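Heads up, the thing below is written out as C-alpha coordinates.
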Amino acid sequence: MGKMDGKVAFVTGAARGQGRAHAVAFAREGADVAVLDICAPVESVQYEMPTKHDLDETVRLIEAEGRRAVPIVADVRDWDAMQAAVAQTLEELGRIDVVIANAGILPATGEPSLKMKAWHEAVDILLTGVFHTLKATMTPMIEAGNGGSMIITSSTSGLFAIAFDVEMLNPGEMGYAAAKTGVVGLMRNFAKALGPHGIRVNTVHPMGVRTPMLSGDYFKEIMDRAPAGWCANALGYDLIEPEDVANTMVWLASDDSRAITGSTIACDGGQLVM
Ligand SMILES: NC(=O)c1ccc[n+]([C@@H]2O[C@H](COP(=O)([O-])OP(=O)(O)OC[C@H]3O[C@@H](n4cnc5c(N)ncnc54)[C@H](O)[C@@H]3O)[C@@H](O)[C@H]2O)c1
(Lines give C-alpha, C1' and ligand atoms only; values in the text may rest on other atoms or scores of the structure.)
Protein backbone atom coordinates (compact mmCIF):
# COMPACT_ATOMS: atom_id res chain seq x y z
CA MET A 1 0.00 0.00 0.00
CA GLY A 2 1.36 3.42 -1.01
CA LYS A 3 1.36 6.55 1.13
CA MET A 4 -0.61 8.39 -1.59
CA ASP A 5 -3.04 5.76 -2.90
CA GLY A 6 -6.06 7.36 -4.55
CA LYS A 7 -4.54 10.85 -4.41
CA VAL A 8 -3.80 13.28 -7.25
CA ALA A 9 -0.76 15.56 -7.31
CA PHE A 10 -0.27 18.71 -9.41
CA VAL A 11 3.44 19.39 -9.99
CA THR A 12 4.89 22.45 -11.78
CA GLY A 13 8.32 22.41 -13.41
CA ALA A 14 8.04 18.65 -13.90
CA ALA A 15 9.79 18.16 -17.25
CA ARG A 16 13.05 17.25 -15.51
CA GLY A 17 15.14 17.76 -12.36
CA GLN A 18 13.41 17.93 -8.99
CA GLY A 19 9.89 18.26 -10.41
CA ARG A 20 10.30 15.02 -12.34
CA ALA A 21 11.70 13.25 -9.25
CA HIS A 22 8.72 14.44 -7.17
CA ALA A 23 6.19 13.34 -9.80
CA VAL A 24 7.74 9.87 -10.10
CA ALA A 25 8.01 9.49 -6.31
CA PHE A 26 4.32 10.37 -5.92
CA ALA A 27 3.37 7.85 -8.63
CA ARG A 28 5.42 5.19 -6.83
CA GLU A 29 3.36 5.93 -3.70
CA GLY A 30 0.10 5.45 -5.64
CA ALA A 31 -0.83 8.94 -6.88
CA ASP A 32 -1.85 10.05 -10.36
CA VAL A 33 0.03 13.19 -11.39
CA ALA A 34 -0.56 16.29 -13.53
CA VAL A 35 2.86 17.44 -14.73
CA LEU A 36 3.16 21.02 -15.95
CA ASP A 37 6.15 22.69 -17.57
CA ILE A 38 6.99 25.61 -19.87
CA CYS A 39 9.22 23.34 -22.05
CA ALA A 40 10.79 26.41 -23.68
CA PRO A 41 13.72 28.82 -23.29
CA VAL A 42 13.54 31.85 -20.96
CA GLU A 43 15.54 34.91 -22.12
CA SER A 44 17.53 35.53 -18.91
CA VAL A 45 18.59 31.92 -18.46
CA GLN A 46 21.94 30.81 -19.87
CA TYR A 47 21.69 27.04 -19.25
CA GLU A 48 19.57 24.92 -21.56
CA MET A 49 15.88 24.66 -20.72
CA PRO A 50 13.89 21.45 -21.30
CA THR A 51 11.68 20.58 -24.27
CA LYS A 52 8.40 18.69 -24.63
CA HIS A 53 10.53 15.58 -25.12
CA ASP A 54 11.65 15.88 -21.46
CA LEU A 55 8.05 16.22 -20.25
CA ASP A 56 7.12 13.13 -22.29
CA GLU A 57 9.89 11.24 -20.49
CA THR A 58 8.40 12.26 -17.12
CA VAL A 59 5.05 10.89 -18.33
CA ARG A 60 6.73 7.63 -19.36
CA LEU A 61 8.32 7.26 -15.91
CA ILE A 62 5.00 7.88 -14.12
CA GLU A 63 3.23 5.36 -16.34
CA ALA A 64 6.02 2.85 -15.67
CA GLU A 65 4.97 3.07 -11.99
CA GLY A 66 1.46 2.05 -13.09
CA ARG A 67 -0.14 5.48 -12.56
CA ARG A 68 -1.80 8.04 -14.83
CA ALA A 69 -0.03 11.22 -15.95
CA VAL A 70 -1.50 14.36 -17.50
CA PRO A 71 1.17 16.45 -19.27
CA ILE A 72 0.44 20.17 -19.56
CA VAL A 73 2.66 22.64 -21.41
CA ALA A 74 2.04 25.99 -19.71
CA ASP A 75 3.85 28.97 -18.22
CA VAL A 76 3.26 29.58 -14.49
CA ARG A 77 3.37 33.34 -15.25
CA ASP A 78 0.16 33.02 -17.29
CA TRP A 79 -2.85 33.15 -14.92
CA ASP A 80 -5.37 32.07 -17.56
CA ALA A 81 -3.20 29.11 -18.55
CA MET A 82 -2.84 28.05 -14.92
CA GLN A 83 -6.60 28.13 -14.41
CA ALA A 84 -7.02 26.05 -17.58
CA ALA A 85 -4.38 23.60 -16.33
CA VAL A 86 -6.26 23.08 -13.08
CA ALA A 87 -9.54 22.60 -14.99
CA GLN A 88 -7.86 20.02 -17.24
CA THR A 89 -6.45 18.17 -14.21
CA LEU A 90 -9.87 18.01 -12.56
CA GLU A 91 -11.48 16.89 -15.82
CA GLU A 92 -8.94 14.10 -16.42
CA LEU A 93 -7.95 13.03 -12.90
CA GLY A 94 -11.01 14.10 -10.89
CA ARG A 95 -9.38 15.83 -7.90
CA ILE A 96 -6.29 17.57 -6.56
CA ASP A 97 -4.85 16.61 -3.15
CA VAL A 98 -1.23 17.72 -3.42
CA VAL A 99 0.25 20.82 -5.06
CA ILE A 100 3.97 21.19 -5.67
CA ALA A 101 4.91 24.74 -6.74
CA ASN A 102 8.36 23.84 -7.99
CA ALA A 103 8.85 25.55 -11.40
CA GLY A 104 11.84 27.85 -11.38
CA ILE A 105 14.78 29.49 -13.10
CA LEU A 106 18.18 30.69 -11.88
CA PRO A 107 19.08 33.71 -14.05
CA ALA A 108 22.23 34.32 -12.01
CA THR A 109 25.04 34.00 -14.54
CA GLY A 110 26.62 35.93 -17.43
CA GLU A 111 25.41 39.03 -19.30
CA PRO A 112 21.68 38.18 -19.01
CA SER A 113 21.88 38.25 -15.19
CA LEU A 114 23.00 41.91 -15.32
CA LYS A 115 19.87 43.18 -17.07
CA MET A 116 16.73 44.27 -15.21
CA LYS A 117 14.86 41.76 -17.36
CA ALA A 118 16.45 39.04 -15.19
CA TRP A 119 14.95 40.56 -12.01
CA HIS A 120 11.50 40.64 -13.61
CA GLU A 121 11.70 37.12 -15.03
CA ALA A 122 12.90 35.72 -11.70
CA VAL A 123 10.16 37.43 -9.69
CA ASP A 124 7.47 36.66 -12.29
CA ILE A 125 8.28 32.94 -12.38
CA LEU A 126 9.45 32.25 -8.82
CA LEU A 127 7.04 34.47 -6.88
CA THR A 128 4.06 35.37 -9.09
CA GLY A 129 4.15 31.87 -10.61
CA VAL A 130 3.93 30.30 -7.15
CA PHE A 131 1.03 32.61 -6.23
CA HIS A 132 -0.78 31.59 -9.46
CA THR A 133 -0.20 27.91 -8.67
CA LEU A 134 -1.56 28.13 -5.13
CA LYS A 135 -4.44 30.44 -6.05
CA ALA A 136 -5.60 28.34 -9.02
CA THR A 137 -5.58 25.04 -7.09
CA MET A 138 -6.95 26.39 -3.80
CA THR A 139 -10.64 26.79 -4.70
CA PRO A 140 -11.29 23.27 -6.04
CA MET A 141 -9.38 21.82 -3.06
CA ILE A 142 -11.53 23.78 -0.60
CA GLU A 143 -14.72 22.82 -2.46
CA ALA A 144 -13.76 19.13 -2.50
CA GLY A 145 -13.42 19.20 1.29
CA ASN A 146 -10.69 16.53 1.31
CA GLY A 147 -7.95 18.73 2.82
CA GLY A 148 -4.54 18.38 1.19
CA SER A 149 -0.95 19.55 1.12
CA MET A 150 0.64 22.43 -0.79
CA ILE A 151 4.42 22.56 -0.91
CA ILE A 152 6.51 25.38 -2.35
CA THR A 153 10.09 24.77 -3.45
CA SER A 154 12.06 27.68 -2.06
CA SER A 155 15.83 27.40 -1.50
CA THR A 156 18.36 27.91 1.28
CA SER A 157 18.65 31.35 -0.33
CA GLY A 158 15.11 31.98 0.94
CA LEU A 159 16.45 31.73 4.50
CA PHE A 160 19.94 33.23 4.41
CA ALA A 161 22.11 35.65 2.40
CA ILE A 162 24.04 34.22 -0.51
CA ALA A 163 25.71 37.33 -1.99
CA PHE A 164 29.41 37.08 -1.11
CA ASP A 165 30.42 40.13 -3.17
CA VAL A 166 29.00 43.20 -4.93
CA GLU A 167 28.87 41.39 -8.28
CA MET A 168 26.32 39.01 -6.81
CA LEU A 169 23.93 41.91 -6.18
CA ASN A 170 22.90 41.61 -9.84
CA PRO A 171 19.24 41.68 -10.92
CA GLY A 172 19.02 37.94 -11.65
CA GLU A 173 20.60 36.71 -8.42
CA MET A 174 18.71 39.26 -6.31
CA GLY A 175 15.42 38.50 -8.07
CA TYR A 176 16.01 34.85 -7.17
CA ALA A 177 16.82 35.63 -3.51
CA ALA A 178 13.88 38.04 -3.17
CA ALA A 179 11.40 35.61 -4.71
CA LYS A 180 12.64 32.61 -2.70
CA THR A 181 12.25 34.72 0.46
CA GLY A 182 8.89 36.11 -0.72
CA VAL A 183 7.32 32.67 -1.07
CA VAL A 184 7.79 32.17 2.69
CA GLY A 185 5.35 35.05 3.21
CA LEU A 186 2.89 33.50 0.77
CA MET A 187 3.26 30.12 2.50
CA ARG A 188 2.55 31.56 5.96
CA ASN A 189 -0.60 33.37 4.83
CA PHE A 190 -1.95 30.43 2.82
CA ALA A 191 -1.19 28.08 5.76
CA LYS A 192 -3.14 30.27 8.17
CA ALA A 193 -6.16 30.78 5.91
CA LEU A 194 -6.35 27.23 4.55
CA GLY A 195 -5.73 25.45 7.86
CA PRO A 196 -9.45 25.41 8.75
CA HIS A 197 -10.01 23.58 5.44
CA GLY A 198 -7.49 20.88 6.37
CA ILE A 199 -5.03 22.10 3.74
CA ARG A 200 -1.43 22.27 4.94
CA VAL A 201 1.08 24.64 3.30
CA ASN A 202 4.87 24.50 3.75
CA THR A 203 8.08 25.56 2.02
CA VAL A 204 11.04 23.27 1.33
CA HIS A 205 14.50 24.87 1.21
CA PRO A 206 17.04 22.69 -0.61
CA MET A 207 20.79 23.29 -0.72
CA GLY A 208 22.44 22.79 -4.14
CA VAL A 209 20.76 19.94 -6.03
CA ARG A 210 22.30 17.99 -8.93
CA THR A 211 20.01 19.25 -11.75
CA PRO A 212 20.71 21.11 -15.02
CA MET A 213 20.05 24.42 -13.19
CA LEU A 214 23.24 24.09 -11.19
CA SER A 215 25.41 21.34 -12.56
CA GLY A 216 26.35 22.99 -15.89
CA ASP A 217 29.40 25.14 -16.74
CA TYR A 218 27.67 28.49 -16.19
CA PHE A 219 27.22 28.12 -12.43
CA LYS A 220 30.84 26.95 -12.16
CA GLU A 221 31.84 30.61 -12.81
CA ILE A 222 30.25 31.55 -9.49
CA MET A 223 31.70 28.55 -7.65
CA ASP A 224 35.20 29.40 -8.92
CA ARG A 225 34.91 32.98 -7.62
CA ALA A 226 33.30 32.07 -4.29
CA PRO A 227 35.26 32.16 -1.02
CA ALA A 228 36.15 28.82 0.56
CA GLY A 229 33.26 27.34 2.48
CA TRP A 230 30.61 29.40 0.68
CA CYS A 231 28.28 26.43 0.21
CA ALA A 232 29.54 24.37 3.13
CA ASN A 233 27.11 22.12 4.96
CA ALA A 234 27.45 20.09 8.13
CA LEU A 235 27.17 16.75 6.34
CA GLY A 236 29.82 17.64 3.75
CA TYR A 237 27.74 17.02 0.60
CA ASP A 238 28.85 18.67 -2.66
CA LEU A 239 25.30 18.60 -4.04
CA ILE A 240 22.26 16.56 -2.98
CA GLU A 241 20.16 14.49 -5.41
CA PRO A 242 16.63 15.32 -6.67
CA GLU A 243 15.45 12.13 -4.90
CA ASP A 244 16.62 13.56 -1.54
CA VAL A 245 14.19 16.43 -2.01
CA ALA A 246 11.50 14.07 -3.40
CA ASN A 247 11.64 12.00 -0.18
CA THR A 248 10.97 15.20 1.79
CA MET A 249 8.10 16.04 -0.56
CA VAL A 250 6.48 12.60 -0.12
CA TRP A 251 6.69 13.03 3.65
CA LEU A 252 5.15 16.52 3.50
CA ALA A 253 2.46 15.38 1.04
CA SER A 254 1.45 12.33 3.08
CA ASP A 255 -0.38 12.00 6.40
CA ASP A 256 2.97 11.24 8.06
CA SER A 257 3.35 15.02 8.40
CA ARG A 258 -0.28 15.75 9.35
CA ALA A 259 0.76 18.12 12.17
CA ILE A 260 3.12 20.19 10.00
CA THR A 261 1.90 23.42 8.40
CA GLY A 262 3.28 26.94 8.07
CA SER A 263 6.83 25.57 8.34
CA THR A 264 10.06 26.24 6.48
CA ILE A 265 11.64 22.81 6.02
CA ALA A 266 15.36 22.92 5.24
CA CYS A 267 16.65 20.06 3.09
CA ASP A 268 20.18 21.38 3.26
CA GLY A 269 22.63 18.97 4.88
CA GLY A 270 22.91 21.52 7.67
CA GLN A 271 24.00 24.41 5.40
CA LEU A 272 22.06 26.86 7.54
CA VAL A 273 23.92 26.02 10.75
CA MET A 274 27.38 26.65 9.29
N1 LIG B 1 19.12 22.95 -8.34
C2 LIG B 1 19.34 23.57 -7.20
O3 LIG B 1 20.47 23.63 -6.72
C4 LIG B 1 18.20 24.20 -6.43
C5 LIG B 1 18.42 24.51 -5.07
C6 LIG B 1 17.37 25.06 -4.34
C7 LIG B 1 16.16 25.30 -4.96
N8 LIG B 1 15.99 25.00 -6.29
C9 LIG B 1 14.67 25.22 -6.87
O10 LIG B 1 14.14 23.96 -7.20
C11 LIG B 1 13.16 24.10 -8.24
C12 LIG B 1 13.40 23.08 -9.33
O13 LIG B 1 14.63 23.36 -9.98
P14 LIG B 1 15.60 22.22 -10.55
O15 LIG B 1 16.80 22.23 -9.71
O16 LIG B 1 14.85 20.96 -10.72
O17 LIG B 1 16.00 22.86 -11.98
P18 LIG B 1 15.53 22.49 -13.48
O19 LIG B 1 15.97 23.62 -14.32
O20 LIG B 1 16.01 21.13 -13.80
O21 LIG B 1 13.94 22.42 -13.36
C22 LIG B 1 13.14 23.56 -13.31
C23 LIG B 1 11.92 23.28 -14.15
O24 LIG B 1 11.02 24.41 -14.07
C25 LIG B 1 10.51 24.67 -15.37
N26 LIG B 1 10.07 26.06 -15.51
C27 LIG B 1 10.86 27.16 -15.50
N28 LIG B 1 10.13 28.25 -15.72
C29 LIG B 1 8.85 27.84 -15.87
C30 LIG B 1 7.63 28.51 -16.13
N31 LIG B 1 7.60 29.85 -16.28
N32 LIG B 1 6.49 27.80 -16.21
C33 LIG B 1 6.51 26.45 -16.07
N34 LIG B 1 7.66 25.74 -15.86
C35 LIG B 1 8.81 26.44 -15.75
C36 LIG B 1 11.70 24.36 -16.28
O37 LIG B 1 11.31 24.22 -17.62
C38 LIG B 1 12.28 23.13 -15.63
O39 LIG B 1 11.73 21.93 -16.14
C40 LIG B 1 13.27 25.56 -8.69
O41 LIG B 1 12.24 26.33 -8.09
C42 LIG B 1 14.63 25.98 -8.17
O43 LIG B 1 14.73 27.36 -7.99
C44 LIG B 1 16.99 24.45 -7.02
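Start at 1 and go down the list; that is how both ligands and their atoms are numbered. Predicted model only: the values in this text are computed from it and were never measured.
For ligand 1, the polar-atom distance check against Gln18 finds a nitrogen or oxygen pair separated by under 3.5 Å. Residue-to-ligand polar distances place Ile38 within reach of ligand 1: an N/O pair is separated by less than 3.5 Å.
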Stepwise side-chain contact (heavy atoms from CB on, under 4.5 Å) test for Asp54 and Thr51: CA-CA 5 Å; Asp54 297 291; Thr51 64; 3.4 Å; yes

Worked check of side chain to side chain donor-acceptor pair (under 3.5 Å) between Ser215 and Arg210: CA-CA 6 Å; Ser215 56; Arg210 204 176 321 278; over 6 Å; no

Trace of the side-chain contact (heavy atoms from CB on, under 4.5 Å) decision for Val204 with His22: CA-CA 12 Å; Val204 168; His22 305 340; over 6 Å; no

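Every atom of ligand 1 is numbered from 1 in the order shown, and the set under 4.0 Å from a heavy atom of Lys180 is 9 (C), 40 (C), 41 (O), 42 (C), 43 (O). Residue Gly208 approaches ligand 1 through these ligand atoms, each under 4.0 Å from one of its heavy atoms: 3 (O). Short contacts between ligand 1 and Ala74, defined as distances under 4.0 Å to a heavy atom of the residue, involve ligand atoms 32 (N), 33 (C). For ligand 1 and Met49, the ligand atoms under 4.0 Å from any heavy atom of the residue are 27 (C), 36 (C), 37 (O).
Of the protein's heavy atoms, Arg16 NE, 4.1 Å lies nearest to atom 21 (O) of ligand 1. Here the protein heavy atom with the shortest distance to atom 15 (O) of ligand 1 is Thr211 OG1, 2.6 Å. Protein heavy atom closest to atom 7 (C) of ligand 1, with residue, atom name and distance, is Ser154 O, 3.2 Å. Of the protein's non-hydrogen atoms, Val76 N, 3.0 Å is the one closest to atom 32 (N) of ligand 1.
By the criterion of a heavy-atom distance under 4.0 Å, neither the backbone nor the side chain of Ala14 is placed next to ligand 1.
Between the side chain of Ser154 and the main chain of Lys180, a donor-acceptor pair closer than 3.5 Å is present.
In this structure, Met207 has a heavy atom closer than 4.0 Å to ligand 1. Residue contact check for ligand 1: Arg210 places no non-hydrogen atom closer than 4.0 Å to it. Contact analysis leaves Val42 out of contact with ligand 1, as no non-hydrogen atom separation drops below 4.0 angstrom. For Gly129, the closest heavy-atom approach to ligand 1 does not fall below 4.0 Å.
Ring geometry for Trp230 versus Phe164: interplanar angle over 60°, hence perpendicular rather than tilted (30 to 60°).
When the heavy-atom distances from atom 41 (O) of ligand 1 to Asn102, Thr153, Leu214 are ranked, the shortest goes to Asn102. Residue nearest to atom 25 (C) of ligand 1, selected from Asp124, Thr12, Leu239, Asp37: Asp37 (by heavy-atom distance).
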